[in-house]
Trainee: 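This is the structure I want to talk about, given as structure tokens.
Please read these numbers as outputs of a predicted model, since none were measured by experiment. Numbering of residues begins at 1 and proceeds along the displayed sequence.
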Amino acid sequence: MGVMGRACCVMFAGQSVQESGMCRRLWELPAAREVLERLKPCLGGDLEHVTTEMPEAELALTFNTQRAIHAHHLGHWLAYRARCPDVVLDGAIGHSMGVVAALVAAGSLSVEDSGVFIRARARSFADVCGRAAGPLGLATVASRDLAAVLPELAAFPRLKLALRNTLRRAVVGGPAADLEAFGRKAAEQGWPVMVSPLKVEGPYHTEAFTPCRQALAEALACVTVRPPEVPVFMGTSGKAETDPERIKALLVDQVDSCERHLDAVRAAYAHGCREFLEVAHRPQPVTWLSDQLKGEDGAPLPGYTGTAVRTEELFEGMVRPGA
């Protein structure tokens, strides 16, 4: 199961991967349950309900989504570490909010402090979404030629590039009506692009969330950020980060800055990371590697592998109740 006995770079997904019941089996694993119980005081006493039973529509609310995803990340990762204690890290990458779990994996944040920060983040993001004058959101823009498509955003000044995930996939954010208009124009003019709405409440990583900066700075003043034991490749900078004060500043900047996830993954490869690992209910970032790690000629960069470990694999070799 997974990557054992070799150095690996662990990956954590961002928002939109939430799914009702995503942690139901996870609570059955002692190592996972231990960390989830440690998160309850900061993420909320309803955490088990949120991660196991909450209906999709309610789970899609930002405050619930971010708490659920963070609990999912830490539960899966620490259960994996308990099963595979010989795993060695040479880096950690978090897509959007997943960077907080990456900081925990790298030894920069404690479980408890990460929960304090995520709750503040989730609450401040939810407050912005609740005050919005109209529906806001994000949409994936996928094309074989993004360089030709993205300049078309200039005709929609309220839309912003929010995330650059792979060579062929980006995410734009803004008013829902503008996102729909952009998609209609793409279809009417036959652009080689697919525009797909994401199940989120707001245009994260755009200036709409600038009001969150103060709340995040205040939360970070109450937690301890240590130098990570391995580099954390942060999407806000697209680089390896090891300085605690810079990490704090980037966590604040992340709210209204384009997430450069593609650059972060490529920086990890340039740093020497070759084994990429994601442990999740439904792995996502590890599946993007083939559209990230390519040379200028379009050929795959050599020597890397991506491993996805799903929840059920954490039970391998275990005797289940009633068996």
Side-chain angles (χ1 to χ4, degrees), residues 12-20 22-23 26 35-77 94-104 109-132 136-138 162-163 171 173 198-223 225 234-236 247-248 250-257 259 280-281:
F12 298 95
Q15 202 165 326
S16 83
V17 298
Q18 69 274 6
E19 184 178 317
S20 184
M22 64 195 297
C23 297
L26 201 60
V35 68
L36 293 171
E37 292 288 354
R38 288 171 62 189
L39 284 168
K40 272 187 179 181
C42 42
L43 290 186
D46 61 344
L47 189 61
E48 186 164 2
H49 170 71
V50 171
T51 57
T52 62
E53 303 294 339
M54 183 170 279
E56 290 283 351
E58 192 176 354
L59 183 62
L61 299 176
T62 301
F63 183 64
N64 295 328
T65 299
Q66 293 193 12
R67 293 187 296 144
I69 290 174
H70 188 62
H72 162 278
H73 287 340
L74 294 195
H76 278 87
W77 174 242
H95 179 250
S96 187
M97 65 163 289
V99 73
V100 183
L103 289 165
V104 176
L109 275 174
S110 70
V111 168
E112 289 77 10
D113 279 352
S114 75
V116 168
F117 178 72
I118 283 291
R119 185 181 180 92
R121 189 183 194 274
R123 173 50 62 203
S124 63
F125 274 46
D127 288 346
V128 167
C129 293
R131 293 194 300 267
L136 302 170
L138 294 169
L163 303 98
V171 176
L198 293 174
K199 48 182 181 179
V200 299
E201 281 192 292
Y204 315 126
H205 307 292
T206 72
E207 60 266 27
F209 286 84
T210 297
C212 297
R213 294 180 67 94
Q214 182 177 348
L216 268 61
E218 291 173 355
L220 286 166
C222 300
V223 304
V225 178
M234 298 183 67
T236 312
I247 288 171
K248 283 187 174 185
L250 290 170
L251 287 172
V252 174
D253 289 345
Q254 187 193 55
V255 302
D256 54 11
S257 300
E259 175 76 359
H281 171 69

Trainee: For His205, give me all partners under ring pair (Phe, Tyr, Trp, His ring centres under 6.0 Å), at least two apart in sequence or on another chain.
Mentor: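 His205 satisfies ring pair (Phe, Tyr, Trp, His ring centres under 6.0 Å) with no residue once adjacent residues are dropped.
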
Trainee: Which pair of non-hydrogen atoms, one from Gly202 and one from Leu138, has the smallest distance, and what is that distance?
Mentor: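 Where Gly202 meets Leu138 most closely, the heavy atoms are O-CG, 3.5 Å.
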
Trainee: Applying the side-chain contact (heavy atoms from CB on, under 4.5 Å) test to Leu74, which of Val104, Val100, Ile118 qualifies?
Mentor: Val104

Trainee: Donor-acceptor check, side chain of His281 to backbone of Cys23, threshold 3.5 angstrom: yes or no?
Mentor: no

Trainee: Just checking, any donor-acceptor pair under 3.5 angstrom between side chains of Glu259 and Ser96?
Mentor: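 There is no such pair (donor and acceptor under 3.5 Å, judged by atom type) between the side chains of Glu259 and Ser96.
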
Trainee: Report yes if the side chains of Asp253 and Arg213 come closer than 4.5 Å at any heavy-atom pair, otherwise no.
Mentor: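 Answer yes - side chains close enough.
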
Trainee: Hey, could you give me the CG/NZ distance between Asp46 and Lys40, rounded to the nearest 0.5 Å?
Mentor: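 With rounding to 0.5 Å, CG (Asp46) is 9.5 Å from NZ (Lys40).
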
Trainee: When you measure from the side chain of Asp113 to the backbone N and O of Val223, does any donor-acceptor pair fall under 3.5 Å?
Mentor: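 It does not hold such a pair.
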
Trainee: May I ask you to decide if Ser20's main-chain N or O and Glu56's side chain share a donor-acceptor pair within less than 3.5 Å?
Mentor: yes

Trainee: Nearest 0.5 Å please: distance from the CG atom of Asn64 over to the NE2 atom of His49.
Mentor: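 Between atom CG of Asn64 and atom NE2 of His49 there are 8.0 Å.
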
Trainee: Could you tell me which non-hydrogen atom of Ala122 sits nearest to which non-hydrogen atom of Arg67, and how far apart they are?
Mentor: CB-CG, 4.5 Å

Trainee: Give a yes or no on whether the backbone of Val225 and the side-chain of Lys248 come within a donor-acceptor separation of less than 3.5 Å.
Mentor: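 Not a single qualifying donor-acceptor pair exists.
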
Trainee: When you look at Val252 and Gln214, which way does the side-chain contact (heavy atoms from CB on, under 4.5 Å) test go after all the steps?
Mentor: CA-CA 8 Å; Val252 174; Gln214 182 177 348; over 6 Å; no

Trainee: Hey, is the main chain of Asp256 close enough, under 3.5 Å, to the side chain of Thr206 for a donor-acceptor pair?
Mentor: no

Trainee: Treating Ser124 as the side-chain partner and Arg121 as the backbone partner, does any N or O pair qualify as donor plus acceptor under 3.5 Å?
Mentor: yes

Trainee: Side chains of Gln18 and Lys199, heavy atoms from C-beta outward: is any pair under 4.5 Å?
Mentor: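 Yes, their side chains come closer than 4.5 Å.
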
Trainee: Does some side-chain heavy atom of Glu48 sit less than 4.5 Å from a side-chain heavy atom of Leu36?
Mentor: no

Trainee: What closest approach, in Å, do Leu39 and Ser114 show between heavy atoms, and which atom pair accounts for it?
Mentor: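 Heavy-atom minimum between the residues: CD2-OG, 4.4 Å.
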
Trainee: Provide the closest heavy-atom pair for Gly173 versus Ala162 in the form atom of the first, atom of the second, distance.
Mentor: N-CB, 4.3 Å

Trainee: Are Val200 and Thr62 packed together at the side-chain level, in the sense that at least one heavy-atom pair is separated by less than 4.5 angstrom?
Mentor: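 Sidechains of Thr62 and Val200: no contact.
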
Trainee: Using a 3.5 Å distance criterion without hydrogens, assess whether the side chain of His72 forms a donor-acceptor pair with backbone atoms of Ala68.
Mentor: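 No.
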
Trainee: I need the Ile69 CD1 to Leu59 CG distance, nearest 0.5 Å.
Mentor: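 One gets 7.5 Å once the value is rounded to the nearest 0.5 Å.
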
Trainee: Output all residues satisfying ring pair (Phe, Tyr, Trp, His ring centres under 6.0 Å) with His95, sequence neighbours left out; order by chain, then residue number.
Mentor: His261, Trp288

Trainee: For Ala60 and Glu201, work out which heavy atoms get closest and say how close.
Mentor: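 Looking at all heavy atoms of both residues, the shortest contact is O-CG, 4.0 Å.
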
Trainee: Measure the CG-CD distance between Leu43 and Gln66 for me, rounded to the nearest 0.5 Å.
Mentor: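 It comes to 10.5 Å.
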
Trainee: Does the side chain of Gln15 come within less than 4.5 Å of Leu198's, by heavy atoms?
Mentor: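 Leu198 does not reach Gln15 side chain to side chain.
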
Trainee: Between atom CG of Leu251 and atom CE of Met234, what is the distance when rounded to the nearest 0.5 Å?
Mentor: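 Between Leu251 CG and Met234 CE, I get 4.5 Å after rounding to 0.5 Å.
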
Trainee: Which residues pass the ring pair (Phe, Tyr, Trp, His ring centres under 6.0 Å) test with Phe125, sequence neighbours left out?
Mentor: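 Expected list: Tyr204, Phe209.
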
Trainee: What is the minimum heavy-atom distance between Gly98 and Phe12, and which atoms define it?
Mentor: O-CB, 3.5 Å

Trainee: Would you say that Leu216 contacts Phe117 through its side chain, given a criterion of any heavy-atom pair below 4.5 Å between the two side chains?
Mentor: yes

Trainee: Check whether any side-chain heavy atom of Cys212 lies under 4.5 Å from a side-chain heavy atom of Val128, and answer yes or no.
Mentor: yes

